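Computed from a predicted structure; not experimentally measured. First the proteins, then the strands, lettered A, B, ... as listed; each starts at 1.
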Protein chains: 2
Amino acid sequence: MHSVIEKPTGSDVARLAGVSKSAVSRAFTGGVVSEEARKRILEAARLLKYRPSNTARSLTTRQSRMIGLAVTSLDNQFYPEVVEKLSDRFARAGYRLLLFVTHGEADLDPVLNELLGYGLDGVVLASSSMASQVAAECREAGVPVVMFNNVDPDGVQAGVSSDDEAGAALVARYLLASGHERPAVITGLGQSSSSVRRLRGFQYELARAGRARARASSGDYTFSGAFEVARAWIEGPSPPDALFCVNDHMAIGALHAVHHRGLTPGRDISVIGFDNVSIAHWPLLDLTTLAQPLEGMIEATVALLLKAIASNTMPTTQEALTGKLVIRGSARRAPGITREASGEETWAD
Amino acid sequence: MHSVIEKPTGSDVARLAGVSKSAVSRAFTGGVVSEEARKRILEAARLLKYRPSNTARSLTTRQSRMIGLAVTSLDNQFYPEVVEKLSDRFARAGYRLLLFVTHGEADLDPVLNELLGYGLDGVVLASSSMASQVAAECREAGVPVVMFNNVDPDGVQAGVSSDDEAGAALVARYLLASGHERPAVITGLGQSSSSVRRLRGFQYELARAGRARARASSGDYTFSGAFEVARAWIEGPSPPDALFCVNDHMAIGALHAVHHRGLTPGRDISVIGFDNVSIAHWPLLDLTTLAQPLEGMIEATVALLLKAIASNTMPTTQEALTGKLVIRGSARRAPGITREASGEETWAD
DNA sequence: GTGAAAGCGCTAACAT
DNA sequence: ATGTTAGCGCTTTCAC
């Protein structure tokens with residue numbers, strides 16, 4: 001069934017409305033047109049089912065109204081939330097997201113060429129792997145980039161994250177305040193800045209309290225990785241009495257290992273995550289976790305990028321927003337817990 | 001920090017390489033160019049960091065290499081999986097996804113104008129709400145559309161889904177085979193075709209077995225909606241002995257209600273979902289569910305759309321792939337369960 | 001195999 | 001307020 005539809009152009013509308021192409025363009029871009037003409041144009045457009053071509057428009061305005069979003073994977077539940085919120089927020093500003101789901105591929109060039117070929121107005125890098133390199137290339141090509149939940153080790157790329165070290169330190173103090181003696185940390189991938197920083201913040205705080213360094217091992221940012229690390233520790237000699245996982249996704253894996261051994265989280269052993277993904281509150285998980293200030297991070301990311309686009313400059317600001325520790329049942333409770341208006345419990349010292 | 005970067009164009013490359021624009025174009029599009037020239041062009045391009053503009057290219061070729069993807073929300077864990085897999089599969093074919101996260105907004109026009117303005121090569125509608133209307137408009141505008149996991153009531157729009165009725169019927173037979181007497185169904189939203197069809201398949205099968213219609217109530221496709229429906233039923237008079245939820249997201253909500261009342265799923269009451277989302281296998285959920293043949297559905301969707309694009313026609317095929325019932329612990333077991341090579345258990349009669 | 005020229009659909013000066 | 005003109009960066013006949 002061949003239905004070769006000839007899309008109407010601005011000229012078609014102009015002809016039908018008895019005006020020039022420019023008038024049509026103005027009518028659709030908020031330019032100056034008499035009420036009289038505007039009405040005729042809109043009517044003609046409606047009749048022809050005309051919609052201005054974004055492609056052609058982009059060519060002249062040099063604005064695509066598209067933002068590239070790179071994420072590594074969507075099976076860590078934190079990222080779908082990020083994608084959805086970024087999409088909503090950018091949509092409100094008139095931008096759509098072009099999605100790049102990377103999988104830590106070794107060769108960045110193809111995806112980079114693609115990314116830069118689309119004439120994106122900006123890029124958000126929520127992928128952890130190689131974000132810095134990609135950011136550098138984009139910036140060099142004149143495309144504003146903001147790294148999300150990931151900070152550039154060289155400190156040159158703009159980024160928004162939560163204060164990983166402060167957050168992890170807060171977790172450490174909470175664990176100490178609730179009387180834990182042998183906390184251990186399940187980390188993510190080596191290159192990941194957030195993993196590194198969270199571990200560092202945690203260890204630093206332990207040291208400050210005169211405690212020994214915590215045992216740490218990588219769960220590779222996966223459920224099963226974290227499960228195995230936790231299981232091995234629990235089954236091994238002198239198991240930890242608390243597990244701090246650098247994200248919720250792994251904390252849920254650790255939680256499963258705990259249940260798997262017939263132990264009860266929050267009583268026999270404590271598990272604390274980082275992110276406060278939306279499912280962390282499920283009673284079956286009931287995860288105590290450091291909540292990233294997601295709304296604020298989204299807002300900051302969008303603001304940074306839009307400002308850069310508007311001013312035709314490269315963003316450089318690095319923001320680290322403060323999270324809060326949300327208390328649920330997976331970790332032994334410490335004194336000083338506050339119940340908020342929402343019914344949520346938090347802890348701060 | 002003003003860094004107004006002048007992007008190099010094909011002409012720049014042509015000049016540097018000592019050839020014409022056309023030659024540069026050919027070099028980048030697989031046209032005929034002498035090895036000699038091609039080498040010089042590529043070298044010049046590398047020097048200038050030139051990448052062809054997709055925007056300009058789209059204007060002449062009338063191909064954007066972008067596929068629009070509309071989804072309602074990403075908090076039903078099924079959709080992030082769909083998004084990721086579609087993204088991967090389309091990327092392999094050289095297409096990127098432009099994301100539209102809709103929220104069942106009343107007025108479709110703005111988003112439609114946008115969708116059609118981007119010059120997308122095709123559209124996948126994985127959103128349930130109003131998918132048919134959007135599909136009709138796209139088709140009229142000459143943009144191929146495939147509805148995913150959602151079938152057009154009028155039977156005109158192309159679509160890929162699993163065989164909802166057969167799947168639900170299989171669930172019904174399993175529940176009967178495992179001796180349940182009072183199954184009930186938690187449905188989604190009224191307009192949703194998959195909800196309607198799954199309920200229908202379930203009821204039909206019950207009738208065929210000479211049983212009374214199952215009680216049914218809407219959980220609005222939300223966790224809390226399903227939780228409340230399940231809780232009310234469990235606390236009410238003559239509670240059901242099995243809960244069939246038309247998707248896993250709600251099944252997990254129902255599971256929580258069961259635990260909430262101190263009951264054990266699979267022993268005191270059975271819970272069965274639909275989708276087999278990746279987290280359904282978590283031991284804490286351990287959900288028996290009808291697995292949608294996701295890989296096949298993705299493959300079919302991509303194939304349908306790419307074929308339509310290549311042939312410049314509108315797709316019309318409606319495919320309904322067969323799912324399978326994955327047996328886990330949330331429902332009482334029936335005789336005849338098969339253990340597959342993967343270790344997964346399934347049931348078929 | 002290569003270049004010249006036209007044109008994709010739009011916006012943005014510049015006139016009027 | 002409106003029309004004319006000249007591109008935006010590419011691909012694509014069409015000659016050569």
Whole-Å distance, B:K39 NZ to C:dT2 C1', equals 19 Å
Under 4.0 Å between a Lys/Arg side-chain N and an Asp/Glu carboxylate O for B:D12 and B:R15? yes
To the nearest angstrom, the CZ-P distance between B:R15 and C:dG3 comes to 14 Å
Ion pair check, B:R40 and B:E43, cut-off under 4.0 Å: no
What integer distance in Å separates A:L59:CG from C:dC10:C1'? 8 Å
Find out whether B:S194 and B:S161 are in side-chain contact, i.e. whether some heavy atom of one side chain is under 4.5 Å from a heavy atom of the other. no
Atom-pair distance (NZ on A:K7; P on C:dG9), nearest Å: 10 Å
Separation of A:E6 atom CD from C:dC8 atom C1', in whole Å? 12 Å
Drop me the distance from B:S34's OG to B:R26's CZ, to the nearest 0.5 angstrom. 11.0 Å
Quick one: on DNA chain C, does B:G18 or B:R62 contact a more 5' nucleotide (nearest heavy atom)? B:G18
Rounded to the nearest angstrom, tell me the gap between atom CZ in A:R57 and atom C1' in C:dA12. 13 Å
What is the distance, to the nearest angstrom, from the CD1 atom on A:I41 to the P atom on D:dT2? 8 Å
How about A:Y118 and B:R96: do any of their side-chain heavy atoms sit closer than 4.5 Å? yes
Could you give the distance from CD1 (B:I67) to CG (B:L97), rounded to the nearest 0.5 Å? 7.5 Å
Which residues, if any, of residues 19-35 of chain B bring a heavy atom under 4.0 Å of DNA chain D? B:K21, B:S22, B:S25, B:R26, B:T29
